[in-house]
Amino acid sequence: MASGSPPFISFLSDFGLDGAAAICRGIMLSICPDAQIIDLAHTIRKYAIGDGAFILGTALPFMPSGVHLAVVDPGVGTERRPVALRVARGDMLVGPDNGLMLLGAEALGGITEARALENRALWLESSTSATFHGRDVFAPVAARLAARSAVFEEVGRVVEIDSLVALSQPVASVGEGWIETGVVYVDSFGNARLAGGARELVEGLGDATDQRPLRVAVIDSAAGTGNAEDAVFTTTFGAVPAGTALVYIDSSGHLALADNQGSIASRMGLAAGARVRISTPDPQR
Amino acid sequence: MASGSPPFISFLSDFGLDGAAAICRGIMLSICPDAQIIDLAHTIRKYAIGDGAFILGTALPFMPSGVHLAVVDPGVGTERRPVALRVARGDMLVGPDNGLMLLGAEALGGITEARALENRALWLESSTSATFHGRDVFAPVAARLAARSAVFEEVGRVVEIDSLVALSQPVASVGEGWIETGVVYVDSFGNARLAGGARELVEGLGDATDQRPLRVAVIDSAAGTGNAEDAVFTTTFGAVPAGTALVYIDSSGHLALADNQGSIASRMGLAAGARVRISTPDPQR
Amino acid sequence: MASGSPPFISFLSDFGLDGAAAICRGIMLSICPDAQIIDLAHTIRKYAIGDGAFILGTALPFMPSGVHLAVVDPGVGTERRPVALRVARGDMLVGPDNGLMLLGAEALGGITEARALENRALWLESSTSATFHGRDVFAPVAARLAARSAVFEEVGRVVEIDSLVALSQPVASVGEGWIETGVVYVDSFGNARLAGGARELVEGLGDATDQRPLRVAVIDSAAGTGNAEDAVFTTTFGAVPAGTALVYIDSSGHLALADNQGSIASRMGLAAGARVRISTPDPQR
């Protein structure tokens with residue numbers, strides 16, 4: 001953390017907009033009155049650890065250095081561990097050990113040390129509820145770390161990095177003139193981010209020159225299996241007519257599907273976990 | 001207010017997310033440039049004074065000391081009074097006299113003095129609209145109090161605390177092995193908070209040991225009357241299988257209904273004002 | 001900008017609530033750590049330049065002086081110009097040249113100078129994406145202007161003010177006892193703001209005394225053509241019974257339609273672009 005800047009905290013949750021995130025913010029400002037806090041997102045789909053992980057991976061590299069609090073926590077009050085992670089860039093991440101924080105940690109250079117949150121002296125002074133660890137455990141610890149009234153080593157015992165819970169990620173298959181991959185995130189525009197390295201995926205589609213025609217088919221999705229439509233490989237939305245599907249490399253470096261001024265996810269029935277096949281006019285299979 | 005900390009303002013409204021709350025924030029920062037402002041919630045259901053009151057009661061104890069601005073105000077521009085309340089913790093609350101602020105004031109130790117907002121010198125300089133007192137009256141007064149450019153006694157005449165408008169609250173009945181009570185708030189997860197003291201309600205259900213089986217029935221609700229399902233008394237969501245209903249004491253100390261990773265409110269047709277009966281396998285009636 | 005106050009940035013977009021606006025905020029705080037940032041709105045309807053323009057026109061006069069960042073940008077990555085505008089009040093606006101910023105600029109006294117954003121040294125250091133100019137171009141330039149690490153003249157070449165892209169606005173017709181006009185914005189309460197000068201429109205309705213009966217008819221709307229109902233000319237919502245339509249001059253000075261504690265837009269099928277006829281009981285046509 002730059003020494004001249006105020007303490008920085010980013011905050012992501014699935015708490016919604018009706019007060020729970022604000023309570024955590026109030027606690028953090030009470031502990032660290034000069035903190036700058038950015039709400040990354042609080043309308044993550046309820047319990048969608050994968051969505052939260054994707055946003056953290058995309059957003060954290062653009063945040064000031066500091067503490068990153070993340071709470072999508074369907075296992076609150078059970079045996080899942082509350083943890084803090086230190087990463088190569090020097091930041092600290094605080095949240096549940098359920099895979100939520102791993103893409104964000106990776107995007108900041110990878111985890112250098114992990115600790116379980118066990119030191120109750122750093123938690124909220126009053127008794128700890130079984131249902132709101134954001135308020136009672138995670139926010140107070142994050143704020144004390146940001147305020148430097150506690151150091152990382154105080155939060156609790158070291159945890160083996162290999163023992164942290166991981167999320168399974170969709171697997172991509174690359175052929176000659178076709179790829180099959182999974183949707184990892186659908187954003188508020190309805191754009192669908194696809195799993196796998198963008199470079200390898202594009203190579204599977206042959207020479208992906210601008211305006212190259214492609215075919216997109218949904219091969220596994222609760223709402224969209226069997227849907228298919230023509231698309232164009234290009235660089236940005238406005239490069240195709242309104243209402244046309246495009247395949248492009250998005251601003252976070254993922255291969256993605258979009259529609260110029262429409263929602264490809266709504267139209268084709270795509271959500272995180274769906275699988276799609278993208279192919280050239282003459283794929284080899 | 002701690003003398004070393006910046007002026008603090010919390011802000012709750014039903015203004016939605018399309019600019020009205022931001023206008024009030026702009027006015028407050030213009031008047032009090034070093035204010036820290038926390039948006040408690042702006043997506044309170046339109047005109048739902050009871051929802052706003054519940055959030056204030058839950059959230060204000062976790063806020064730094066300062067000024068709390070609250071605007072859910074279906075009577076804007078009519079005879080309802082704009083008021084400021086001073087509470088035992090030392091905070092001040094600013095908003096309409098329609099019951100909105102009473103649970104919040106109680107949670108901060110109770111009202112010690114109430115005053116009507118009559119001093120137009122503290123309002124917005126330009127003319128006052130009949131439809132946006134958040135912008136024209138409440139936000140400027142709140143910001144001047146936070147900035148200490150006005151003191152509480154300047155806002156207007158003393159109002160009898162007993163004359164403040166109250167909200168009616170649902171009544172709970174407690175039998176042997178059963179309780180009947182009302183839903184006071186449904187949060188963004190679909191969890192339903194129930195009226196009445198949690199301790200008395202739990203006693204009505206006999207020895208409420210962990211994993212005790214219960215039955216929940218909706219006895220009065222626009223959408224759900226007649227719905228019923230089995231539930232379990234326990235401490236947290238993950239203590240029951242996904243999709244199972246639970247009865248628990250929530251993080252604000254209320255008895256509450258939830259579903260592990262689902263919305264009990266959607267499934268059973270619950271909203272604020274609905275009434276439910278919770279009973280043991282062998283209730284006495 | 002007042003010299004004692006911290007740098008101020010307001011920020012409006014159609015990015016939604018899932019991280020993109022937070023990324024821009026993170027970049028701005030990295031460049032200008034002491035900036036105060038107000039999020040005007042990020043849930044502007046996707047691609048609805050007119051909605052964003054209306055909010056900017058309504059909100060900017062209540063913002064502290066500073067830099068105003070606005071991104072509703074269906075043409076991102078195409079030939080449309082990124083621009084910065086200086087206005088008479090001294091503020092600077094930063095965003096796409098697609099009409100989005102013109103009402104806001106007008107509300108701050110009008111544009112005094114416009115420049116194209118061409119100086120890549122002020123953009124994000126890493127490579128520039130074709131799909132997220134909010135992150136890569138607009139936010140960095142806005143933050144550097146707010147931090148005074150760049151001056152307005154550095155952003156790029158002067159652009160003729162007359163060459164800026166304008167939005168077409170609905171035209172109002174005023175008769176004797178009737179008016180026909182267009183809906184320019186529907187807010188989160190469902191209140192519909194109408195095009196045209198409020199004074200001229202009210203004169204068209206004859207002597208618009210309080211409680212004067214009127215008739216409102218939808219004459220062109222995707223969802224509501226043909227709908228009509230009685231309304232009352234009055235000053236505020238609570239001046240009519242709940243569920244009654246009213247015609248009033250709203251807090252931004254527009255003639256508007258509302259319903260006391262209901263949504264007139266939902267009930268009558270109104271959206272931006274719809275046309276309505278309002279008439280007295282005996283209009284001359």
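None of these values were measured; they are calculated from a predicted model. In what follows, chains are A, B, ... by sequence order, proteins preceding strands, each numbered from 1.
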Salt bridge flag under 4.0 Å for residues B/Asp97 and B/Arg81: yes
Measure C/Thr58 against the heavy atoms of chain B and call it side chain, backbone, both or neither at under 4.5 Å. both
Tell me yes or no: between the side chains of B/Asp73 and B/Tyr47, is some donor less than 3.5 Å from an acceptor? no
Can we say C/Asp39 and B/Arg25 salt-bridge, meaning some charged N sits less than 4.0 Å from an Asp/Glu carboxylate O? no
Most heavy-atom pairs under 4.5 angstrom with chain B, which of C/Ile249, C/Thr236, C/Asn191? C/Thr236
So, do C/Phe237 and C/Tyr248 have ring centers that fall under 6.0 Å from each other? yes
Can you tell which part of B/Ala48 gets under 4.5 Å to a heavy atom of chain C, answering side chain, backbone, both or neither? neither
With a 4.5 Å heavy-atom cut-off, do C/Leu12 and C/Val71 have their side chains touching? no
Under 4.5 Å to a heavy atom of chain B? For C/Asp187 that would be both
Determine the option with the most heavy-atom pairs under 4.5 angstrom with chain C, choosing from B/Thr128, B/Thr78, B/Leu29. B/Leu29
What part of C/Leu17 gets within 4.5 angstrom of chain B, counting heavy atoms only: side chain, backbone, both, or neither? side chain
Proximal component of B/Arg80, with respect to chain C [non-hydrogen, under 4.5 Å]: neither
Do C/Leu56 and C/Leu40 have side-chain heavy atoms sitting under 4.5 Å apart? yes
At a 4.5 Å cut-off on heavy atoms, which part of C/Gln36 comes close to chain B: side chain, backbone, both, or neither? side chain
Highest number of heavy-atom pairs under 4.5 Å with chain B: which of C/Ala41, C/Ser188, C/Gly238? C/Ser188
Shorter than 4.5 Å, heavy atoms on both sides: which option in B/Asp136, B/Asp14, B/Ile37, B/Thr43 has the most such pairs with chain C? B/Asp14
Please tell me whether C/Phe11 and C/His42 form a close aromatic pair, meaning their ring centres lie under 6.0 Å apart. yes
Interface moiety of C/Ile44 toward chain B, non-hydrogen atoms closer than 4.5 Å: neither
Can you tell whether the side chains of B/Glu154 and B/Arg144 come within less than 4.0 Å, N to carboxylate O? no
